[in-house]
Amino acid sequence: MEVEAVRKCRICKSKRLYKFLDLNKMPIPNGFLPKESLKVPEKKYELACFYCENCGLVQLTTVVNPEIMFKNYVYIPSTAKVMMNNFSNLVYTVHQEMRFNKDSLVIDIGSNDGSLLTFFKSFETRVLGIDPALNLATVARMNGIPTEAVLFNRKTASSILKKHGKADVITATNVIAHIDDLHQVFQGVSTLLKKNGMFITEFPYLLDLVAKNQFDTIYHEHLSYFSLKPWKFLLEKFGFEIVKAQRLLIHGGSIRLTHKRKKKRSTSFKKTIDYLINLEKRNGLYDKTTYDIFAKNVDSLKKELTTMLKELKKKKMKIVGYGAAAKGNVLTNFFNIGTSVLDYIVDSTPFKQGLYTPGKKIPVYPENRILKDMPDYVLILAWNFADEIIEKQQKYRKKGGKFIIPIPEIKIV
Ligand code: TMP
Ligand code: ZN
C-alpha cells in the first residue's frame, strides 16, 4: 500500500485522536526532481496531525510507505559541522560510561552514510550500520562501515543477531520518528542488546517544536513527535528505563535519551524525568487547545512572511533560499512560495544539487552561487543551521547581503 490512514495511536493504541494543523496535501519533502521529471505530475499525500488524548503522543494522520521515502535517500548529516560535533559529543559521552574494546559492538539504526559510526570506530570497536537506503549503504561501506541495507524491525533484528551477535551499544539518532511500528523497535532492540547494554536515541523534542513554532519539521517522514510522557509509557512496556536525558540545541531543540534494561531498584535519575514531564505539562503539551493555538500561530507566520516577501519583490529585490532542507520544502509548499519569489535555493548536499524541490520546483545549486550572484536577501530555510550558514557566508554579508530567518519568528540579519 502506498499510503495508510492512522486509526489508532502508535504507542497506546487508543482511538481518541484529535486532529490539528492541516498542512494540505503535498509531495514527500525529500522527493527532489531531476529536470526530465518536471512535467510528470507529482504524487501528493495528506500532511496533518493527531494528538492522542490518551497518552499525549503527537503523530501524523497518515503513513506513506517507507519504501517510497527511504530507498533512495538524499539527506546526509555529514555536510553540517553542528551534526558532526554532536556525533562526536555523543560518542565521547558513551565512551566515558562504557569503556569499549575491540570486541564490543556498536549498532546504529538509521546509520545513513555511516558518519556516527565513524566516530565510534576511532575507538577500534566493532560497528554495524542498519539503513534501508541503498545509495547510502554503498557510501558507508566504501568508508569502511559495514552496513545492512534493511529496514529495522523484529525480523531483521533476529537475522542481524545471528550474523553479528549482541550489541553493547545501540544508537538511533533522528530515525525513531520515521518508524511506524514502535513496538517492533523496542522488541528489536531488546533482541539485539546485551544485558547491560545501552540504547541511545535522539529526536527533535516536542516541547521545543511547539514553543518555537517549528511547524515545518512536521512532514511525511516524521510519523511521531515525541515528548517524555508517552515515550516513557512505551519503553516501560518493554522493560527499559531512562538513565540519562540531555536536551540538545540540534535541529532547533532535541533530546538525547539513554536507556538500559530496568533494574529492580529504580535509578536516581527518576527525578529529572519527573521534572521534564512536569515541564511538558506546564507548557500545555497534554492539553489539546495548545495544538489549536499552535496551528493559529502557523497561519499568522504564513501571513507575515508571505506579505514581507511580496513587499520585497515589489521593490525588485532578488531573493534566494539557503538549505534545500525537507523542512524548507514544507514551508515553501504550505506558504506557497515558488520561483516567482525565490530564484533558486543553494545547498551543500551533492545529492540535491542540480535537482528541483518537490512541489514548488525550485532549482537547487551549490552554495558558492550566492557570492557570485549577490542576491539582496537570502531566506534561510535550514534555520536550524542559521549560525553555521551565516558564519560560512561572512563574505556575502560583508558585501551587504542580508539573511531572513523565518523561525521561531521572522528575523533579518
Ligand atoms: P536538515 O534541516 O533536514 O538537517 O537539512 C539541512 C539542509 O541544509 C541540508 O540539505 C544541508 C543544508 N546545509 C547547507 O546547505 N549549508 C550548510 O552550511 C549547512 C549546515 C546545511
Ligand atoms: Zn496514545
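Heavy-atom basis, side chains included; hydrogens, waters and symmetry copies ignored. In listed order, ligands and their atoms are each counted from 1.
If you look at Lys81 next to ligand 1, there are no close heavy atoms at all, none under 4.0 Å.
Considering only non-hydrogen protein atoms, atom 9 (C) of ligand 1 sits nearest to Asp347 OD2, 3.5 Å. Given atom 5 (O) of ligand 1, the protein heavy atom at minimum distance is Ala325 CB, 3.4 Å. Of all protein heavy atoms, the one lying nearest to atom 16 (N) of ligand 1 is Glu367 OE2, 2.7 Å. Protein heavy atom nearest atom 2 (O) of ligand 1, with residue, atom name and distance: Lys327 NZ, 2.6 Å. The nearest protein atom to atom 8 (O) of ligand 1, hydrogens excluded, is given as Ala382 CB, 3.5 Å; this is a heavy-atom distance.
The option from Phe385, Tyr322, Phe32, Tyr75 that lies nearest to atom 20 (C) of ligand 1, judged by heavy atoms, is Phe385. Here atom 15 (O) of ligand 1 lies nearest to Ser348 when heavy atoms of Gly252, Gly328, Pro77, Ser348 are compared. Remark: among candidates His251, Gln393, Lys392, the nearest residue to atom 17 (C) of ligand 1 is Lys392, based on non-hydrogen atoms.
Set against the non-hydrogen atoms of Thr349, the atoms of ligand 1 under 4.0 Å away are 9 (C), 10 (O), 11 (C). Heavy-atom proximity to Gly323, at under 4.0 Å, picks out these atoms of ligand 1: 8 (O). Remark: ligand 1 atoms within the under-4.0 Å shell around heavy atoms of Lys352 are 9 (C), 10 (O). Which parts of ligand 1 touch Ile389 is read off a 4.0 Å heavy-atom cut-off, strictly below it: atoms 17 (C), 18 (O).
Glu236 has no carboxylate O lying under 4.0 Å from a charged side-chain N of Lys262, or vice versa, which leaves the two without a salt bridge. Glu42 has a carboxylate O that lies under 4.0 Å from a charged side-chain N of Lys361, or vice versa, which qualifies the two as a salt bridge. Ion pair Glu280/Lys229 not flagged as a salt bridge, since none of the NZ, NE, NH1 or NH2 atoms sits closer than 4.0 Å to an Asp/Glu carboxylate oxygen.
To the nearest 10 degrees, the Zn ion (ligand 2) sees SG of Cys52 and SG of Cys55 at an angle of 110°.
When only modelled atom types and interatomic distance are considered, Asn65 and Tyr45 share no side-chain donor-acceptor pair under 3.5 Å.
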Item to check | Residue pair Phe385, Tyr322: steps toward the ring pair (Phe, Tyr, Trp, His ring centres under 6.0 Å) verdict | outcome: CA-CA 10 Å; Phe385 296 119; Tyr322 207 117; over 10 Å; no
Checklist entry - Please walk me through it: do Phe334 and Tyr219 pass ring pair (Phe, Tyr, Trp, His ring centres under 6.0 Å)? => result CA-CA 11 Å; Phe334 187 58; Tyr219 50 83; over 10 Å; no
Checklist entry - Are Phe240 and Phe186 close enough, and set up right, to give a ring pair (Phe, Tyr, Trp, His ring centres under 6.0 Å), and what steps lead you there? => result CA-CA 9 Å; Phe240 283 87; Phe186 272 94; 5.7 Å; yes
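At least one N/O-N/O distance between Asn384 and ligand 1 falls below 3.5 Å.
A cation-pi geometry, defined here as NZ or CZ lying under 6.0 Å from the six-membered ring centre and within 45° of its normal, holds between Lys402 and Tyr377.
The aromatic rings of Phe226 and Phe203 lie tilted to each other, with the angle between the two planes from 30° to 60°.
Remark: the backbone N or O of Arg154 is paired with a side-chain donor or acceptor of Gln184 at under 3.5 angstrom.
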